[in-house]
Amino acid sequence: MTHRLSLRRALWPPRGAALVRRLAPLIAVSLLVVPALTACDPGGLLGTAKASGPLDCKIYQEKTPKDGAPLLLVLLDVTDNSAATATRVASRVQPYLDAALRDGSYIRLVATAGGPMIYSDCFHGDRMFQVKRRNSAREEKDRAAASKALGTEISQVVQSTKVGPTGSATPLLAGINDEVATVRATPGVKATAVTALVWSDLLGTGGQADCLNVDGKTASVTIAEAVVKRCFETGQIRSAGATRVRFIGVNEGSADRPQQELARYLKGELCRRISSDCD
């Protein structure tokens, strides 16, 4: 189990000597390049992959209809790659996977853990995911199995990600427009409406140059306003236009009360600026 070790807890009284010892030294760990994530090699039917290979995501993909299909952009700011956190991430994304498989949607996943952007071959955004059957009962059963299998795939992405000592959601939020443009520029892809899911605690530890760095920040609306204003004024984060943005994972980690309050304030300010459809 790996956690992003943060200096932000120094802002508030530490809880116990063990925490003080953990946070006392400055961490000088080189960020590791995260290996490629799950490939979509052939596997078993509806999520039962072969023991020797990963899930075959293509079995859940269909030809895009003439009018196109929406895009689900999953953005993961991984600060903890434990199995418990991976399960929570998959659980929060699951309803969106259910809808995508029912209605048809492209899915693209991008993750960061304080290092380079990580892309999933399974969720690359180049083919539409959907489960369709002639028999409605069979379709419902197969779609539930597919959603579970894809949720497991997301859980494995989280657990396989190596967490660095610093990082934040800034590069993910900054890249929303570019990721959407990349999908739409892919030959054969016709993406319509976009939903961006952002898993993050919004408590950045990326250094003073990172606009979402909260080291030394107190929990107040005024501070949150100043932090987010700086993000947009410096161009580190831009408006996502018509993209529907949903923040998930805020206050779902081990943050204490003041941190939770600051995270909520940051979420409110980000939503006010990043999209007209944000929650």
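Keep in mind that this is a model prediction, so the values were computed, not measured.
- Interatomic distance, CG of Asp121 versus CG of Leu109, reported as 11.0 Å (0.5 Å rounding).
- Of all the heavy atoms in Cys211 and Gln236, the pair that sits closest is N-OE1, 3.0 Å.
- The distance from atom CD1 of Ile248 to atom OG of Ser200, rounded to the nearest 0.5 Å, is 10.5 Å.
- For the residue pair Ser82/Asp80, the side-chain donor-acceptor check at 3.5 Å is satisfied.
- Both Phe247 and Val227 belong to a single network of hydrophobic side chains, linked directly or stepwise wherever heavy atoms of I, L, V, M, F, W or Y lie under 4.5 Å apart.
- The number of heavy atoms from other shown groups lying within 6.0 Å of CD (Glu140) does not exceed 12.
- The OG1 atom of Thr112 lies 5.5 Å from the CG atom of Leu172; values are rounded to the nearest 0.5 Å.
- The distance from atom OG1 of Thr182 to atom CG of Asn177, rounded to the nearest 0.5 Å, is 10.5 Å.
- In this structure Arg238 satisfies the side-chain hydrogen bond (donor to acceptor under 3.5 Å, both in side chains) test with no other residue, sequence neighbours excluded.
- The closest side-chain donor-acceptor pair between Tyr106 and Thr64 falls under 3.5 angstrom.
- Between Glu269 and Arg272, at least one side-chain N (NZ, or NE/NH1/NH2) sits under 4.0 Å from a carboxylate O, which counts as a salt bridge.
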Go through the steps to decide whether Thr186 and Asp126 satisfy the test side-chain hydrogen bond (donor to acceptor under 3.5 Å, both in side chains), and finish with yes or no. CA-CA 7 Å; Thr186 303; Asp126 56 343; over 6 Å; no
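- Evaluation of the ring pair (Phe, Tyr, Trp, His ring centres under 6.0 Å) test over residues 124-156, restricted to residues two or more places apart or in two chains, returns Phe123-Phe129.
- In the model, Arg88 has no side-chain atom that pairs as donor or acceptor with a side-chain atom of Ser91 under 3.5 Å.
- Of the charged side-chain nitrogens involved, none lies within less than 4.0 Å of a carboxylate oxygen, so that Asp67 and Lys190 do not count as a salt-bridged pair.
- Looking at residues two or more places apart in sequence or on another chain, you find a side-chain hydrogen bond (donor to acceptor under 3.5 Å, both in side chains) between Asp98 and Ser147.
- Ion pair Glu139/Lys132 not flagged as a salt bridge, since none of the NZ, NE, NH1 or NH2 atoms sits closer than 4.0 Å to an Asp/Glu carboxylate oxygen.
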Apply side-chain hydrogen bond (donor to acceptor under 3.5 Å, both in side chains) to residues Ser168 and Thr170 and explain how you reach the verdict. CA-CA 5 Å; Ser168 77; Thr170 301; 3.0 Å; yes
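- Between the side chains of Ser155 and Gln159, at least one donor N or O lies within less than 3.5 Å of an accepting N or O.
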